[in-house]
Q: 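Can you read through this structure? Questions will come right after.
Just so we're on the same page: letters track the sequence lines, and every chain starts at 1. Both backbone and side-chain heavy atoms feed into the values below; hydrogens, waters and symmetry mates do not.
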There are 2 protein chains.
Amino acid sequence: MTTPSRRPSILRTIRPAQVIALAFAGVLAVGTALLSLPIAVQGRSATFMEALFTATSALCVTGHIIVDTPTFWSPFGQGVILALIQIGGFGVMSLATLLGLLVARRLGLRTRLSAVSETHTVAVGDVRRVLKGVALITVTIQAAVALILAARWWIGYDKDLGDALYLGVFHAVSSFNNAGFALFSDNLVSFAADPWICLPICAAIILGGLGFPVIMELRKRIALPRSWTLNTVTVIVGSVVLLVVGTIVLTILEWSNPATLGALDPAGRLLAGFTSAVMPRTAGFNSIDVSQMHPASWLVTDILMFIGGGPAGTAGGLKITTFAVLFFIIVAELRGDTAVNMFGKRLPRSTHREALTVALLSVALVVASTLAIMLMTGLGLDRVLFEVISAFATVGLSTGITASLPPAAQAILIVLMFIGRLGPVALGSALALTIQKREYELPKERPIIG
Amino acid sequence: MTTPSRRPSILRTIRPAQVIALAFAGVLAVGTALLSLPIAVQGRSATFMEALFTATSALCVTGHIIVDTPTFWSPFGQGVILALIQIGGFGVMSLATLLGLLVARRLGLRTRLSAVSETHTVAVGDVRRVLKGVALITVTIQAAVALILAARWWIGYDKDLGDALYLGVFHAVSSFNNAGFALFSDNLVSFAADPWICLPICAAIILGGLGFPVIMELRKRIALPRSWTLNTVTVIVGSVVLLVVGTIVLTILEWSNPATLGALDPAGRLLAGFTSAVMPRTAGFNSIDVSQMHPASWLVTDILMFIGGGPAGTAGGLKITTFAVLFFIIVAELRGDTAVNMFGKRLPRSTHREALTVALLSVALVVASTLAIMLMTGLGLDRVLFEVISAFATVGLSTGITASLPPAAQAILIVLMFIGRLGPVALGSALALTIQKREYELPKERPIIG
Ligand SMILES: [K+]
Ligand SMILES: [K+]
């Protein structure tokens with residue numbers, strides 16, 4: 001707000017995001033090349049589309065697949081996938097945290113990470129601190145989850161210790177980074193009723209999906225909820241609400257469906273129902289057969305996927321905070337309040353329009369992509385919308401159509417994963433950083449609403 | 001803004017809308033009773049659900065049917081339907097115009113109808129002027145269209161003069177009021193290639209859908225577009241864009257579909273493509289078989305239906321103006337402008353949140369209803385979403401499932417038609433009239449967006 005200029009464009013502030021997009025594209029090119037090598041596969045070599053699609057899906061931590069991970073890719077190929085997941089998750093978590101820090105500094109707002117600071121930029125020291133913090137949390141959580149999973153596979157399923165450790169590490173990384181890649185052809189369906197597998201994975205997913213700023217704050221002040229920042233309160237409350245409501249609704253809808261929950265005992269149904277509510281936000285593992293779910297369950301899952309997880313974490317989607325801002329604007333409007341208040345804090349006016357812009361542009365992208373894929377395939381709205389939201393929100397769940405889509409439709413999914421991973425982060429921060437100023441004002445007038 | 005009070009609620013300002021809703025419910029009860037009479041039918045009496053559904057569909061100018069209008073209802077029954085359509089269309093057009101006037105007066109904004117006025121309320125004189133104006137325009141347009149249609153049916157289709165006049169009047173009233181009821185079992189499919197039938201009907205629909213304030217302004221200043229109010233410019237530009245884009249997209253999508261446009265010659269395809277783009281906004285006649293359209297065409301139609309027509313007219317939906325406000329907020333946000341400008345005028349900040357609230361509550365209602373009907377029926381998202389948006393936006397187009405839905409699902413459609421007809425009008429004006437004031441302000445803080 002300190003350096004007014006005549007009609008500044010979003011292009012100036014979005015520049016850091018362009019650099020990041022280029023870096024992501026570079027890693028993607030390397031990943032695609034590595035997955036195209038004969039050493040990456042067990043049988044025939046991957047086509048260009050298979051390598052590109054898989055590399056994008058891994059780097060954007062989506063988990064959409066068009067070839068079966070455990071049987072198609074060799075251990076080398078699986079290692080490349082794991083590396084891409086780790087780079088993608090770590091990259092976006094750090095990037096979004098730094099951009100959030102930059103926004104808070106510029107707008108002079110308080111944040112736990114910036115403490116009291118006079119600068120309006122993010123310094124090298126901040127970058128080092130954030131990268132170290134993200135690395136520490138990533139390694140700690142992934143190691144803990146990997147150990148539990150490895151122990152379970154070693155003890156409960158008679159795997160070799162080496163195999164069990166490999167499975168543990170792979171699924172821990174895949175779950176903390178909300179990637180959804182699994183080393184079982186049926187994903188996690190065989191373990192639907194095993195809490196020792198499902199719960200550690202769900203825990204890693206939820207923690208990754210809370211986002212780095214929230215995890216940092218919980219580490220220091222978990223016993224002092226009254227001192228939490230608005231971001232933390234919103235993400236925690238939103239996550240609890242979405243998990244509870246999602247579990248109840250999906251468990252009821254699928255309870256007596258013999259192809260999904262109906263095959264399990266009651267305790268298993270509750271576990272698998274909970275897991276089904278965790279996965280759309282936005283990990284993308286599945287412990288029940290998504291293609292056999294009721295179309296109404298797909299629609300509920302669509303909503304959960306589109307909202308997604310917390311910002312500055314490994315989850316995708318619109319983000320809980322964006323959704324919460326829209327929700328509280330409506331509450332304020334219905335109550336007749338001038339200010340929009342949210343958990344005892346007042347929202348700056350600029351956030352209203354930012355949230356609206358991120359949400360509506362996302363809706364427009366999803367609808368346009370859905371329309372295009374429906375035209376290419378003749379498939380119904382249920383499955384195509386699910387596939388498109390799943391790609392955009394980097395979830396990776398599928399009703400089973402991904403592999404058989406024509407290449408042009410798979411290309412749309414690749415673009416959606418890429419935009420879905422970087423777009424909301426980049427757009428949200430670019431809008432917040434854009435200096436807003438006009439030289440003259442036009443006369444006020446309003447059309448009729450509604 | 002002149003009488004602050006502590007946390008005033010929307011309940012106070014929505015009271016006029018409650019009165020209107022009660023009046024509508026009263027007319028609905030009378031209509032249902034009349035349609036339940038043996039004299040209203042040709043064969044067996046109507047069930048309560050058939051009478052209630054048809055009366056609601058007529059009064060809310062929707063056009064959804066569960067029994068065939070020409071063969072089920074007697075001339076008396078058809079007369080009741082016609083009267084309900086006329087009452088519903090006239091009622092909403094007058095009501096919305098008066099509420100718009102009230103909002104403009106309270107907020108001290110200019111409007112063609114209020115001229116320069118010092119009062120902050122709508123006087124008896126205003127009411128009389130608006131009712132007279134609406135009546136005059138309604139009678140004039142309906143008479144002109146009825147004469148053209150009657151002449152065509154008399155000359156071109158060998159109908160008796162009496163029959164031709166009856167058909168002309170019924171379809172003129174049904175089209176100007178955007179009701180979509182027809183006296184042919186295939187609606188207008190037999191006339192898909194006849195411009196003498198389709199074009200007068202489309203003209204009446206478009207005029208009714210522009211809304212009374214726009215028609216009044218066009219009558220006086222059609223040659224002076226630079227002097228038009230923001231409301232008029234928005235509705236005109238929006239209507240042209242939606243008609244042109246809708247015609248192009250739907251014509252291309254259905255061009256070679258043998259069950260829809262493919263059966264016609266090229267000129268007929270263009271005419272039927274144009275008609276198919278006019279109908280979703282929100283008349284609901286059909287000259288091609290909707291159930292045979294490509295699912296992608298259904299999705300395009302969903303969008304057109306949801307946006308709807310101009311405010312204070314006979315069209316339903318979210319309204320072009322509400323949609324345009326959201327669109328220009330995004331444009332302003334992407335350009336980095338502080339003020340949201342639209343066709344050379346600046347939008348008051350309050351309109352941003354009003355448009356957002358009307359739009360998102362509508363989305364929530366549509367999604368919840370879709371979910372409920374999918375659960376009741378097991379039908380797919382394509383058809384159910386189409387049916388729900390069609391009812392909410394009082395369009396009346398259907399993929400053919402209406403009559404076979406279970407009673408509970410039909411009851412949801414009845415409620416949707418009622419809310420869809422009165423809801424956006426009442427909510428939009430109630431929000432604008434709510435006095436916004438809070439005693440104290442909370443500390444500012446922002447979560448991360450995107
Ligand atoms: K994922
Ligand atoms: K209609």
Side-chain angles (χ1 to χ4, degrees), chain A residues 8-10 100 109 230-231 234 295-296 299 311-312 319 321-322 325-326 329-330 333-339 341 344-348 351-358 360-361 371 374-375 380-382 424-425 427-428 431-432 434-438 441-450, chain B residues 8-10 100 109 230-231 234 295-296 299 311-312 319 321-322 326 329-330 333-339 341 344-348 351-358 360-361 371 374-375 380-382 385 424-425 427-428 431-432 434-438 441-450:
Chain A
S9 134
I10 196 180
L109 298 166
L230 178 56
N231 192 63
T234 308
L299 187 54
K319 308 298 177 320
T321 45
T322 311
V325 167
L326 296 177
I329 290 173
I330 294 177
E333 192 65 13
L334 292 181
R335 286 166 51 115
D337 294 344
T338 314
N341 300 313
K345 301 284 163 52
R346 183 161 51 94
L347 282 180
T351 41
H352 308 184
R353 279 167 43 180
E354 286 158 34
L356 175 69
T357 303
V358 171
L360 291 193
L361 287 180
L371 205 53
M374 284 174 75
L375 278 175
L381 183 57
D382 303 85
V425 177
L427 182 61
L431 292 178
T434 302
I435 298 154
Q436 301 185 325
K437 176 89 186 143
R438 267 184 84 93
E441 290 214 320
L442 293 165
K444 246 191 206 176
E445 194 177 333
R446 53 178 290 147
I448 303 172
I449 302 289
Chain B
S9 133
I10 196 180
L109 297 166
L230 178 57
N231 192 64
T234 309
L299 187 55
K319 307 298 176 326
T321 45
T322 311
L326 297 177
I329 290 174
I330 294 177
E333 193 64 13
L334 292 182
R335 287 166 51 116
D337 295 344
T338 315
N341 299 314
K345 301 283 163 54
R346 184 161 49 95
L347 283 179
T351 42
H352 308 185
R353 277 166 46 180
E354 287 158 33
L356 176 69
T357 304
V358 171
L360 291 193
L361 287 181
L371 206 52
M374 284 174 76
L375 279 175
L381 183 57
D382 303 85
L385 181 65
V425 177
L427 181 62
L431 293 177
T434 303
I435 297 154
Q436 301 185 324
K437 175 91 186 142
R438 268 184 85 92
E441 290 215 319
L442 293 164
K444 246 190 206 178
E445 194 176 333
R446 53 176 291 145
I448 303 173
I449 302 289

Q: With a 3.5 Å distance limit and no angle check, can you tell me whether B:Asp382 reaches the backbone of A:Gly380 through a side-chain donor-acceptor pair?
A: no
Q: Can you name the closest pair of heavy atoms from B:Met374 and A:Ala296 and give their distance?
A: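 Shortest heavy-atom separation between B:Met374 and A:Ala296 comes out as CE-N, 3.7 Å.
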Q: Give the intermediate values and the outcome of side chain to side chain contact (heavy atoms under 4.5 Å, CB included) for residues B:His352 and A:Arg353.
A: CA-CA 8 Å; B:His352 308 185; A:Arg353 279 167 43 180; 3.9 Å; yes
Q: Side chains of A:Glu354 and B:Glu333: does their closest heavy-atom pair fall under 4.5 Å?
A: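 Answer yes - side chains close enough.
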Q: Taking atom CG of A:Leu381 and atom CG of B:Leu381, what is their separation to the nearest 0.5 Å?
A: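 Separation between the atoms: 4.0 Å.
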Q: Excluding sequence neighbours, so at least two apart, what forms side chain to side chain contact (heavy atoms under 4.5 Å, CB included) with B:Leu360?
A: A:Leu326, A:Ile330, B:Leu356
